[in-house]
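In the text below, chain A, chain B and the rest are named by the order of the sequence lines, each starting its count at 1.
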Number of protein chains: 2
Amino acid sequence: MIRVAIVDDHQLFAETLAMGLSTIPDIDVAATFGDGAELLDHLDELSVEVLVMDLEMPGLSGMEVLESAKTLPPTLIVTMHSSEDQRRQATDAGAAGFLPKASPLVDVAAAIRALAQGATLPQDTTLSEVLEAHASPVLDPRAAALTSRERELLVCLAEGTTSTADLAHQLYISEKTVKNHLASIFDKLEVADRAQAALEAIKLGVAPRS
Amino acid sequence: MIRVAIVDDHQLFAETLAMGLSTIPDIDVAATFGDGAELLDHLDELSVEVLVMDLEMPGLSGMEVLESAKTLPPTLIVTMHSSEDQRRQATDAGAAGFLPKASPLVDVAAAIRALAQGATLPQDTTLSEVLEAHASPVLDPRAAALTSRERELLVCLAEGTTSTADLAHQLYISEKTVKNHLASIFDKLEVADRAQAALEAIKLGVAPRS
DNA sequence: ACGCAAATAGGCCGCAAGGCCTATGGTAAC
DNA sequence: GTTACCATAGGCCTTGCGGCCTATTTGCGT
């Protein structure tokens with residue numbers, strides 16, 4: 001779980017980005033702030049691993065935060081007007097990555113993973129390679145232990161197919177096999193029943209959030 | 001379920017706004033588009049009830065869309081630089097509402113509900129009253145039939161407390177009562193067991209999405 | 001060639017879950 | 001003051017779930 005803080009003066013953007021990132025199973029949004037001053041007031045208490053910040057902000061701007069604070073976590077700049085100048089300025093000031101707000105969410109997630117591992121984002125054409133290398137979420141060890149068939153079953157479960165008979169029909173296997181798979185799922189996810197398994201599958205990103 | 005389309009050239013914003021709005025139980029995001037031309041190409045097929053659009057866009061801007069298209073659904077403008085001029089221009093061109101991107105998500109949701117009912121957002125101080133009037137989601141009739149105690153039980157369920165005994169302890173009631181509540185929940189939500197009830201509770205917004 | 005894990009399938013058993021019924025005290029509506 | 005609904009609680013019964021075994025076939029790695 002990578003702990004992230006978001007700093008952006010547009011509340012709607014900050015809020016929805018927080019929600020979007022929260023749905024990614026290996027990213028946890030610890031807090032969101034409206035400007036740099038707020039951030040610096042609370043950063044110590046939060047043990048944040050990666051910072052996601054806008055440059056344009058009222059009060060303390062992102063640029064000023066980068067320049068003033070010495071001990072920031074690796075910081076990803078996500079900004080609207082991404083000129084070459086800004087980019088250079090920001091990286092000179094200590095930003096570990098720089099993405100335009102036109103990027104898709106998966107790229108932001110990939111960038112966060114890269115920064116969490118101590119990497120910095122290149123500004124040249126190798127950027128897309130770095131992002132692709134970190135494209136897939138780091139699965140929880142419990143979820144990683146699941147076999148492909150167990151994952152299929154979990155998806156059905158999380159979509160509301162809960163009875164043994166229905167699961168058997170939907171997967172073209174016998175009821176006995178369904179129960180076997182379920183038993184090993186319960187074991188691996190450390191849960192007691194179908195209900196908990198379905199909820200856990202969604203939390204871990206194994207099944208989609210409808 | 002209010003069907004909404006989002007138009008914004010900043011993919012990250014459009015994507016996360018779509019996710020954020022999707023988590024609101026009475027709002028359904030039918031599609032997102034990157035500029036006005038894309039929107040106009042597909043709008044007919046989608047039967048969208050409310051449009052959420054940025055003004056600043058490459059290609060066909062929001063302003064141009066408002067002026068060119070005659071038969072748009074009620075349109076909410078969500079923009080970054082909200083000057084009085086822009087606001088007047090947009091409403092003159094047919095926008096039914098205007099909010100800055102600094103607004104919280106709940107306000108956007110409230111505005112969408114207002115527009116879906118045919119209202120237009122006022123620009124004066126009565127705006128907050130209108131938003132407050134539409135602040136709470138229009139609950140699914142099935143969820144609306146639940147009693148307060150049944151909702152409490154569903155929240156526990158959706159958070160992973162699935163056994164009768166645990167539920168009884170957590171709510172300070174007997175196991176028998178838990179089963180009674182569950183039975184009426186199954187009846188009202190039209191589900192068969194605890195697993196489906198937990199999933200449905202999250203879908204309907206009765207229980208939080210952790 | 002061998003071993004290991006996954007996917008399939010079955011048997012057996014005990015307990016919990018879900019269906020269906022009655023009942024009582026409290027409270028809000030009319 | 002009567003009606004209606006909610007929250008509480010219990011009994012009874014059947015089915016299905018989950019726990020614990022064994023077993024066969026397939027495929028992958030070495």
Atom NE2 of residue position B:H169 - does it have more than 12 heavy atoms of other residues, nucleotides or ligands inside 6.0 Å?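 No, not enclosed.
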Length of the [atom1]-[atom2] vector between [X] and [N], whole Å:
X: A:L182; N: C:dT8; atom1: CG; atom2: P; result: 12 Å
X: A:D187; N: C:dA6; atom1: CG; atom2: P; result: 12 Å
X: B:K179; N: D:dC12; atom1: NZ; atom2: P; result: 14 Å
X: B:F186; N: C:dG19; atom1: CZ; atom2: C1'; result: 11 Å
X: A:K188; N: D:dG19; atom1: NZ; atom2: C1'; result: 17 Å

Charged N to carboxylate O below 4.0 Å: is that the case for B:K101 and B:D54?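 B:D54 and B:K101: salt-bridged.
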Nearest 0.5 angstrom please: [X] [atom1] to [Y] [atom2], how far?
X: A:L153; Y: A:I173; atom1: CG; atom2: CD1; result: 6.0 Å
X: A:R149; Y: A:T177; atom1: CZ; atom2: OG1; result: 9.0 Å
X: A:T32; Y: A:M19; atom1: OG1; atom2: CE; result: 11.5 Å
X: A:L199; Y: B:T162; atom1: CG; atom2: OG1; result: 8.5 Å

Candidates D:dG19, D:dA7, C:dA17 - which lies nearest the side chain of B:R194: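 For B:R194, the side-chain atoms sit closest to C:dA17.
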Side chain of A:T177 only, heavy atoms from C-beta on: which candidate in D:dT8, C:dA9, C:dG18 is closest?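 Side chain of A:T177 sits closest to C:dA9.
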Please write out the pairs of protein N or O atoms and N or O atoms of nucleotides 22-28 of chain C separated by less than 3.5 Å, giving the distance to one decimal.
none

Does the side chain of A:T164 come under 3.5 Å of the side chain of A:R194 through a donor N or O and an acceptor N or O?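 Yes, a side-chain donor-acceptor pair sits under 3.5 Å.
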Any side-chain heavy atom of B:E150 within less than 4.5 Å of one from B:H181?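 When only atoms from C-beta onward are counted, B:H181 and B:E150 do touch, with a gap below 4.5 Å.
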Interface residues of residues 144-176 of chain A with DNA chain D (non-hydrogen, below 4.0 angstrom):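 Those residues whose heavy atoms fall under 4.0 Å from DNA chain D, taken from residues 144-176 of chain A in numerical order, are A:S163, A:T164.
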